[in-house]
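All ligand and atom numbering here is 1-based and tracks the order in the structure. Reckoned from all heavy atoms, side chains included, excluding hydrogens, waters and symmetry mates.
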Amino acid sequence: METAEPMTTESDTAFKITRKTDITPAAEREAMLANPGFGRVFTDHMAVVTYTEGKGWHSAEILPRQPLMLDPAASVLHYAQEIFEGMKAYRTPDGSVQLFRPDANARRFRHSAERMAMAQVPEDLFLDAVTQLVKLDKDWVPKPEVGTLYIRPFMIATEAALGVKPASEFKFIVIACAAGEYFSKDAGPVSVWVEERTVRASRGGTGTAKCGGNYAASLTAQMEGKEHGCHQVLFLDAQERRWLEEMGGMNVMMVFEDGTLQTPPLDSGTILHGITRDSLLTLARDRGLKVKEERYAIDQLYGDADSGKLKEVFACGTAAVVTPIGTFKSTEGGCTIGNGQTGEVTSSLRKALCDIQFGRAADPHGWVKKIG
Ligand SMILES: *Cc1c(COP(=O)(O)O)cnc(C)c1O
């Protein structure tokens with residue numbers, strides 16, 4: 001469907017800031033930030049912008065974080081018109097705060113909105129909401145030794161109407177939480193369940209949109225994986241159940257004996273265009289590694305793991321950054337990758353990326369955006 005650019009004037013979307021009067025005291029905040037885990041320790045504020053058909057985006061606000069008031073007939077609750085983004089704010093050695101490729105998140109959010117027949121959030125408005133919220137809640141960005149501030153922009157259809165149609169009212173909201181390590185570092189590489197029963201996305205489906213529905217559909221596989229002692233799930237293509245696609249929320253990469261880095265291509269329209277994926281491919285090319293975006297079959301993976309041709313496999317995404325995979329399990333057995341430990345290419349790519357994100361290394365591609 002064609003979603004025309006809404007008419008939005010500057011004054012409509014200038015953020016009105018209402019500070020929380022009883023903000024979390026510094027000592028309490030520091031205690032919460034010492035070991036935040038993931039997705040539990042939220043900042044004091046949130047950004048909310050409303051869209052109404054015919055009026056465009058309006059009533060931009062930063063206000064104390066609070067529950068939403070929704071009509072029980074709001075279409076998000078029935079037909080899952082919902083999309084989201086995941087990005088991070090990093091504390092640099094000089095104590096300032098920066099974002100990593102936020103423009104890429106803004107662009108992908110537009111793509112997701114288009115696929116789900118939702119209003120388009122202009123990229124400037126997206127970036128403004130994120131920047132203003134992080135500025136106001138800057139003290140919640142953990143020390144780099146501890147972690148990052150995870151930012152969750154999302155959009156929901158709020159129109160109260162049970163008829164099946166694209167909604168005419170939306171809310172664009174940004175919340176943020178402190179994030180420690182997504183997977184415990186001490187635990188070493190993760191184990192992955194190869195899902196043969198269900199699929200994450202199919203051609204023509206919503207695989208390239210970052211929508212909640214994709215995640216809901218991946219949860220039974222995650223449960224099944226957990227029953228088999230696995231941390232994560234690998235999804236295969238819907239047609240042949242043979243080609244590696246991605247994990248539930250991370251892209252997947254392989255490193256071969258000859259140093260080649262390979263990842264499944266995006267042309268199937270079923271794999272999410274990960275910003276971490278793209279950044280790692282760029283960094284690998286910068287280092288002169290051979291990079292292949294080619295499909296790879298699960299039976300090839302088992303064979304290459306056994307022969308020793310496949311040296312390393314890792315998952316990548318904003319939340320978990322680069323996560324080494326030590327073993328694959330499936331109904332038929334599985335395999336161990338390398339010696340089951342974190343590989344050299346995996347750790348050096350991870351370090352190169354994190355050094356740029358945290359401002360410890362030069363940023364030759366202009367990826368970081370300082371926000372104060
Ligand atoms: C968000 C996401 C990723 C990773 O994308 P990044 O931009 O690297 O965070 C990968 N797969 C899925 C399904 C996702 O939702």
Side-chain angles (χ1 to χ4, degrees), residues 38-39 80 82-90 99-113 115-116 123 126-127 130 147-155 176-177 179 182-183 190 192 195 198-203 205-219 221-222 225 231-238 243-253 261 263-266 268-284 293 313-323 325 346 349-350 352-354 356-357 365 367-369:
F38 184 85
E82 187 270 355
I83 58 169
F84 66 94
E85 269 303 323
M87 54 206 289
K88 282 176 171 174
Y90 305 83
L99 302 172
F100 181 72
R101 305 186 71 180
D103 47 321
N105 295 99
R107 212 175 314 125
R108 187 168 65 190
F109 200 63
R110 287 179 59 106
H111 166 80
S112 299
R115 179 65 185 85
M116 305 303 285
E123 286 173 31
F126 180 100
L127 295 173
V130 168
T148 54
L149 184 73
Y150 183 82
I151 307 159
R152 169 55 58 88
F154 64 105
M155 182 177 12
C177 63
Y182 196 85
F183 294 109
V190 300
V192 168
E195 174 63 13
T198 64
V199 295
R200 193 194 83 89
S202 55
R203 277 173 195 264
T206 55
T208 65
K210 212 168 169 73
C211 62
N214 288 344
Y215 278 73
S218 74
L219 295 177
Q222 187 182 311
H231 304 91
Q232 274 291 316
V233 172
L234 173 73
F235 288 97
L236 303 173
D237 77 291
W243 305 101
L244 272 67
E245 295 232 307
E246 62 168 305
M247 326 293 287
M250 286 181 280
N251 296 113
V252 66
M253 295 199 180
L261 180 71
T263 193
L266 301 175
S268 59
T270 54
I271 293 175
L272 194 103
H273 296 208
I275 296 161
T276 318
R277 174 191 183 278
D278 182 73
S279 307
L280 291 170
L281 293 181
T282 303
L283 293 176
E293 291 180 71
V313 185
F314 61 86
C316 62
T318 298
V321 197
V322 167
T323 300
I325 297 173
T346 303
L349 281 175
R350 180 188 164 105
L353 180 65
C354 289
I356 297 174
Q357 290 173 328
H365 300 283
W367 284 338
V368 302
K369 185 171 174 256

Check whether any side-chain N or O of Arg200 sits under 3.5 Å from a backbone N or O of Gly207 as a donor-acceptor pair, and report yes or no.
yes
Distance, nearest 0.5 Å, that separates OH of Tyr90 from CD1 of Ile356
11.0 Å
Which option out of Lys210, Arg200, Met87, His273 puts a heavy atom nearest to atom 14 (C) of ligand 1?
Lys210
of all protein heavy atoms, closest to atom 15 (O) of ligand 1 is Tyr215 OH, 2.5 Å
Could you tell me which atoms of ligand 1, counted from 1 in the order shown, lie closer than 4.0 angstrom to a heavy atom of Asn251?
10 (C)
Note: ligand 1 atoms sitting under 4.0 Å from heavy atoms of Gly248 are 13 (C)
Close approach of Arg108 to ligand 1, heavy atoms, under 4.0 angstrom
yes
Nearest non-hydrogen protein atom to atom 5 (O) of ligand 1, with distance, is Gly274 CA, 3.4 Å
Any donor-acceptor pair under 3.5 Å from Ser112 side chain to Lys210 backbone
yes
Please confirm whether Gly249 approaches ligand 1 to less than 4.0 Å, judged on its heavy atoms.
yes
Candidate with minimal heavy-atom separation from atom 9 (O) of ligand 1, of Leu280, Thr270, Thr318
Thr318
Check His111, His273, Arg108 against Thr208 for a side chain to side chain donor-acceptor pair (under 3.5 Å) and give me the one that passes.
His111
Check: Thr206 main-chain N/O paired with Asn214 side-chain donor or acceptor under 3.5 Å:
yes
Nearest protein heavy atom to atom 8 (O) of ligand 1, by residue and atom, and its distance?
Thr276 OG1, 2.6 Å
Looking only at N/O atoms, are Met247 and ligand 1 under 3.5 Å apart anywhere?
no
Looking only at atom types and distance, does a side-chain atom of Glu246 sit under 3.5 Å from a main-chain N or O of Leu272, one as donor and one as acceptor?
yes
Heavy-atom nearest neighbour in the protein, as seen from atom 12 (C) of ligand 1, with distance rounded to 0.1 Å
Glu246 OE1, 3.2 Å
Has Arg101 got a side-chain atom pairing as donor or acceptor with Val368's backbone, closer than 3.5 angstrom?
no
Just by modelled atom types, is the Val252 backbone N or O under 3.5 Å from a matching donor or acceptor in the Thr263 side chain?
yes
